[in-house]
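One structure below.
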Amino acid sequence: MPANLPAEARAKLAKYSEAKTIEEKIKALEEFLAAVPKHKGTENLLLWARRRLAELREELERRKQRRGGGGGPRFFIEKSGAAQLVVLGPPNAGKSLLVQRLTGAKTHVADYPFSTTLPVPGMLQYEDIQFQLIDTPPLTDEAPQYVPRIVGLARNADGVILVVALDRDPVAQYEDIKRILREHGVLIEKPRGVVRVRKGGGPGVKVQLRGRILDGTVADVEKLLASYRIYSAVVEIEGEVTLDDIEEAIFKPVTYKPTLVIANKVDVPGAVQRYKRLYEHLKGRGIGLIPVSVVRNYNLDKIGEFVFRMLRIIRVYTKQPNGEVSKTPLILPKGATVLDAARKIHSDLAKYFTYAKIWGPSAKYPGERVGPDHVLEDGDIVEIHAKR
Ligand SMILES: Nc1nc2c(ncn2[C@@H]2O[C@H](COP(=O)(O)OP(=O)(O)OP(=O)(O)O)[C@@H](O)[C@H]2O)c(=O)[nH]1
Ligand SMILES: [Mg+2]
């Protein structure tokens, strides 16, 4: 077993994953921390357990306040538009001014750090669709009270816009933010593999392998889960993963968020040199980077397209039998098929689907008749036919 845990600690973790209430989870984690030996091999697990415990305690505290009628400010923001992007970064990077300029939202801008204390949403127009941007308080170890909430916003969003400022070392800012998010299970650089463990889903452990386990077999995965008394689960594996990655995923869901780095304040002295260093640092990491100056209005008009490309989405317009084409497109992931489009409109439309007609980039000729597996492209118009 990767972490070499004694049976007692393993049993406590099993208890944690079986716990139904926050109170039970807290108790199980406390017992786990007491039972686990401290050495190099358990370092990661300990780090995770302590953080999770802190999060659970905070959540418990928040619930108590709510029950007491305190209410408190809400950090959750309902999604709207084609996609939701959380704008985050270190203090004073220009996040609030950026969101204000791009969306017109009334954010709070100030020349001192920690000026934003609550998330503020606004809509960015890109061609015929809108992206929802959320301005957030600064993400830094200096303001730990915000960290879990901002990470929560990031986990719920479709992507991240990371703002760093070129008036100081941008590489350090980037690495800091990346680390904080990573510690809470959010990745901004695409990992070589991802694991998702969903408990339940019928008897047995089903391993869906769309990649490779580098240091073990499917049987090892079953053994690993059984050691935590998990006998019913679906384990989805994409890309290349290790047994350690799988063990981590049992307790701590790790998600990847496509990320655009905005290097702001390119107008200040020394900014271009610093930008070059950041550019070199990010090369080959599959992360978008754009230099801007919000105050000088430089490159702000490019952001919409960067976001659109990074999200790997397409716009598809539906045509009614009367010939009318919808003005607002369906938003689908790249590679989506005609059947995916039908499903997005209505489950019945997918169920009774017969054929579709296509106009636009993916059509060989206007009005081409296609089956359910036809792959759509951005800008397609589709007329779906179903039997009643
Ligand atoms: N020189 C320069 N200053 C900028 C630029 N963009 C923002 N600023 C200034 O940077 C300061 C901070 O801007 P905010 O938008 O409040 O920064 P923030 O990231 O929201 O800060 P917190 O909410 O405290 O984390 C303000 O004084 C802005 O006027 C820019 O492109 N160039
Ligand atoms: Mg702000």
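Numbering of ligands and ligand atoms starts at 1, following listing order. Throughout, numbering of the chain's residues begins at 1 and tracks the sequence.
- For the pairing with Glu30, the salt bridge (Lys or Arg N to Asp or Glu O under 4.0 Å) check across Lys25, Arg57, Arg50 returns one residue only, Arg57.
- Counting all heavy atoms, side chain and backbone alike, Ile77 lies closest to Pro121 at CD1-CD, 3.8 Å.
- Of the residues listed (Ile358, Leu339, Val382), the one engaging His374 in a side chain to side chain contact (heavy atoms under 4.5 Å, CB included) is Ile358, and it is the only one.
- Note on Leu289: it does not cluster hydrophobically with Ile303, by side-chain heavy-atom contacts below 4.5 Å among ILVMFWY residues.
- In this structure, a donor-acceptor pair under 3.5 Å is absent between the side chains of Asp135 and Thr107.
- Between Ile331 and Arg315, the closest heavy-atom pair is CD1-CG, 3.9 Å.
- Below the 2.8 Å limit, the Mg ion (ligand 2) has as protein N, O or S neighbours Ser96 OG, Thr116 OG1.
- At a threshold of 4.0 Å, the pair Lys319-Glu324 does not count as salt-bridged, since none of the basic side-chain nitrogens sits closer than that to a carboxylate oxygen.
- Side-chain polar atoms of Gln100 and His108 form no donor-acceptor pair below 3.5 angstrom.
- No path of Ile, Leu, Val, Met, Phe, Trp and Tyr side chains, each step under 4.5 Å between heavy atoms, connects Leu300 with Leu162, placing them in separate hydrophobic clusters.
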Kindly print each ligand 1 N/O atom paired with any protein N/O atom under 3.5 angstrom away, one pair per line, or none if nothing qualifies.
unit_1	atom_1	unit_2	atom_2	d
ligand 1	1 (N)	Asp267	OD2	2.9
ligand 1	6 (N)	Asn264	ND2	3.1
ligand 1	10 (O)	Lys265	NZ	3.0
ligand 1	15 (O)	Ser96	N	3.3
ligand 1	15 (O)	Leu97	N	2.8
ligand 1	16 (O)	Ala110	N	3.1
ligand 1	16 (O)	Ala110	O	3.3
ligand 1	17 (O)	Gly94	N	3.1
ligand 1	19 (O)	Ala93	N	3.0
ligand 1	19 (O)	Gly94	N	2.9
ligand 1	19 (O)	Lys95	N	2.9
ligand 1	19 (O)	Lys95	NZ	2.7
ligand 1	20 (O)	Ser96	N	2.9
ligand 1	20 (O)	Ser96	OG	2.8
ligand 1	21 (O)	Asn92	N	3.1
ligand 1	23 (O)	Ser115	OG	3.3
ligand 1	23 (O)	Thr116	N	3.1
ligand 1	23 (O)	Thr116	OG1	2.8
ligand 1	24 (O)	Phe114	N	2.8
ligand 1	24 (O)	Ser115	N	2.8
ligand 1	24 (O)	Ser115	OG	3.1
ligand 1	25 (O)	Asn92	N	3.4
ligand 1	25 (O)	Lys95	NZ	2.7
ligand 1	31 (O)	Asn264	OD1	3.0
ligand 1	31 (O)	Asp267	OD1	3.4
ligand 1	31 (O)	Ser293	OG	3.4
ligand 1	31 (O)	Val294	N	2.9
ligand 1	31 (O)	Val295	N	3.3
ligand 1	32 (N)	Asp267	OD1	2.8
ligand 1	32 (N)	Asp267	OD2	3.4

